[in-house]
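Data first, discussion second: the structure below is written as structure tokens.
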Protein chains: 2
Amino acid sequence: MPKRGMQPIRRQELVIAAVEAIHERGLNGVTMGDIAKRAGVSPALAHHYFGSKDELLSATMRHLLGEFAFAARRRLVDAKDPRARVDAILEACFAPEQFSPAVTSAWLAFYMQSIHDKAAARLLAIYLKRLEANLRHDLRPLVGDGASALARGIAAMIDGLWLHAALPTLHRSPGEALGILRDYVDGRLAVART
Amino acid sequence: MPKRGMQPIRRQELVIAAVEAIHERGLNGVTMGDIAKRAGVSPALAHHYFGSKDELLSATMRHLLGEFAFAARRRLVDAKDPRARVDAILEACFAPEQFSPAVTSAWLAFYMQSIHDKAAARLLAIYLKRLEANLRHDLRPLVGDGASALARGIAAMIDGLWLHAALPTLHRSPGEALGILRDYVDGRLAVART
DNA sequence: TTTTATTGATTGAGCAGTCAATTAAAAATA
DNA sequence: TATTTTTAATTGACTGCTCAATCAATAAAA
């Protein structure tokens, strides 16, 4: 039952299925069969559209990076002062779209992957550098020289909170995570004003 | 060339080799062959002493948990006031023994594993709960009701800093990580004293 | 008739786990 | 002390399974 123009639809479906499959089985535990089954197609079709498992996983990673960039940009446009811009970034990190269990653990799986995979490391480094640069830029007027260290601290805490949120045993909520992050930032800003 | 009494020695060697192999190949990418080769024995011997790959990896996880508990206890004995006790825990997390690239990425690999593996999740939950309970206990006299949230924040930041330290692209140092953590704690303590 | 979507069957590699055979130390026996 | 026996360490060869990747065949739309 072939309908024309399926390519972009199937690619999208497979990428989304990959996120969920990674959540269930882990990045290396997942098989093309898992992903294809979830997308409702045959494993052969996944190969047809992506050429290889590596390519499909790589596309999945780019998809996540793109979604986050979009969420952050959307929140940044109507944030005027530096403090609001910092908050926009924090909110983007814990918005429901970004923060479903499946999306979070796929993100973290790619973090782990980039420990020993150069290609993944390159993609992730771009994302992390940009995130820190944005934070540093907006923090500079607020804390001066401490901006760089604070940006690194915030970036680290975001990832730590994601990591803990991904562990089902701890059942942490996004709201709680945001609160902890804001307390951190407020504490540093208070010290800087002294 | 069989020498008697090799069992404990080989088990130890294999566990340490497993940590390094996990660092290079990831938890699911690693094979019994990788680990055995690094330990200088045949794959069959690894099976002989551990029965299965799962058992070897589980023993490796327990090894890491045990080493950390030891490092923390050692630093806690001569920490007198609450603030010194908090610092003892932070220092244990970033002490050179705990903080080699291989050890850090093996830790994180087990974090990821426990997203979809019940047995790993149980072990890790015990560790995390105990860490947070210790922090909370020592923070209570310093920040009162905020102790619980601050303990969670510190635990999250520790793991985030580990995660970033494991990414070779960012080349972060343990000293920097400790500085960021201490700034966080100091900021919150200053706010609490107000 | 051409092009695109789709799959079932197949291949080949890699790997966990098994087993029987080998070696040498230690213990038991003469 | 000299010997035989037992026990532990160790491995190479083998088995069976899973999975990524390929390909030829089919079906429908254009």
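Note on naming: letters A, B, ... go to the chains in the order of the sequence lines (proteins, then strands), and numbering restarts at 1 for each one.
Spacing between atom CZ of B:Arg10 and atom P of D:dT11 amounts to 7 Å, rounded to whole angstrom units. Atom CG of B:Asp34 and atom C1' of C:dA16 are 13 Å apart (whole Å). Atom CE in B:Met6 sits about 21 Å away from atom P in D:dT7, given to the nearest Å. Going from atom NZ of A:Lys37 over to atom P of C:dG8 covers 12 Å, rounded to whole Å. Rounding to whole angstrom units, CD1 of residue A:Ile9 and P of D:dA29 are separated by 14 Å. Rounding to whole angstrom units, CE of residue A:Met32 and P of C:dT10 are separated by 21 Å. The interatomic distance linking A:Asp54 (CG) with D:dA21 (P) rounds to 7 Å, in whole Å. Separating the CG atom of A:Leu45 from the C1' atom of C:dA5 is a distance of 7 Å, rounded to the nearest angstrom.
Residue whose closest nucleotide on DNA chain D sits further toward the 5' end, between B:His48 and A:Gly33: B:His48. Residues A:Gly51 and B:Val41 each lie close to DNA chain D; by heavy-atom proximity, the contact nearer the 5' end of the strand is made by B:Val41.
The B:Lys53 side chain lies nearest to C:dG17 when the options are D:dT11, D:dA21, C:dG17. Here the nucleotide nearest the side chain of B:Ala44, chosen from D:dT10, C:dG17, D:dT11, is D:dT11. Set against D:dA9, C:dA5, C:dG17, the side chain of B:Gln7 has D:dA9 as its closest nucleotide. The side chain of B:Ser52 sits closest to C:dG17 out of C:dG17, C:dT6, D:dA21.
Checking side-chain atoms of B:Arg25 against main-chain N and O of B:Thr31 turns up no donor-acceptor pair under 3.5 Å. In this structure, the side chain of A:Arg188 does not engage the main chain of A:Tyr184 through any donor-acceptor pair within 3.5 Å.
Ring planes of B:Tyr111 and A:His164: parallel class, angle under 30° (limits at 30 and 60°). Between A:Phe68 and A:Trp107, the ring-plane angle classifies as perpendicular under the 30° and 60° cut-offs.
Nucleic acid contact for B:Thr31: sugar-phosphate only, since backbone atoms but no base atoms lie under 4.0 Å from a heavy atom of the residue. Backbone-only contact: B:Tyr49 has heavy atoms under 4.0 Å from sugar-phosphate atoms and none from a base.
Ion pairing of B:Arg83 with B:Asp87 is present here, as a side-chain N (NZ or NE/NH1/NH2) and a carboxylate O approach within less than 4.0 Å. The pair B:Lys37-B:Glu24 fails the salt-bridge criterion, with no side-chain N (NZ, NE, NH1 or NH2) lying under 4.0 Å from an Asp/Glu carboxylate O.
Computed from C1' positions of five pairs at each end, the angle between the two local axes of the helix from C:dT1-D:dA30 to C:dA30-D:dT1 equals 10°, rounded to 10 degrees.
Under a cut-off of 6.0 angstrom, the local environment of CZ in B:Arg130 is sparse, with at most 12 non-hydrogen atoms contributed by other residues, nucleotides or ligands.
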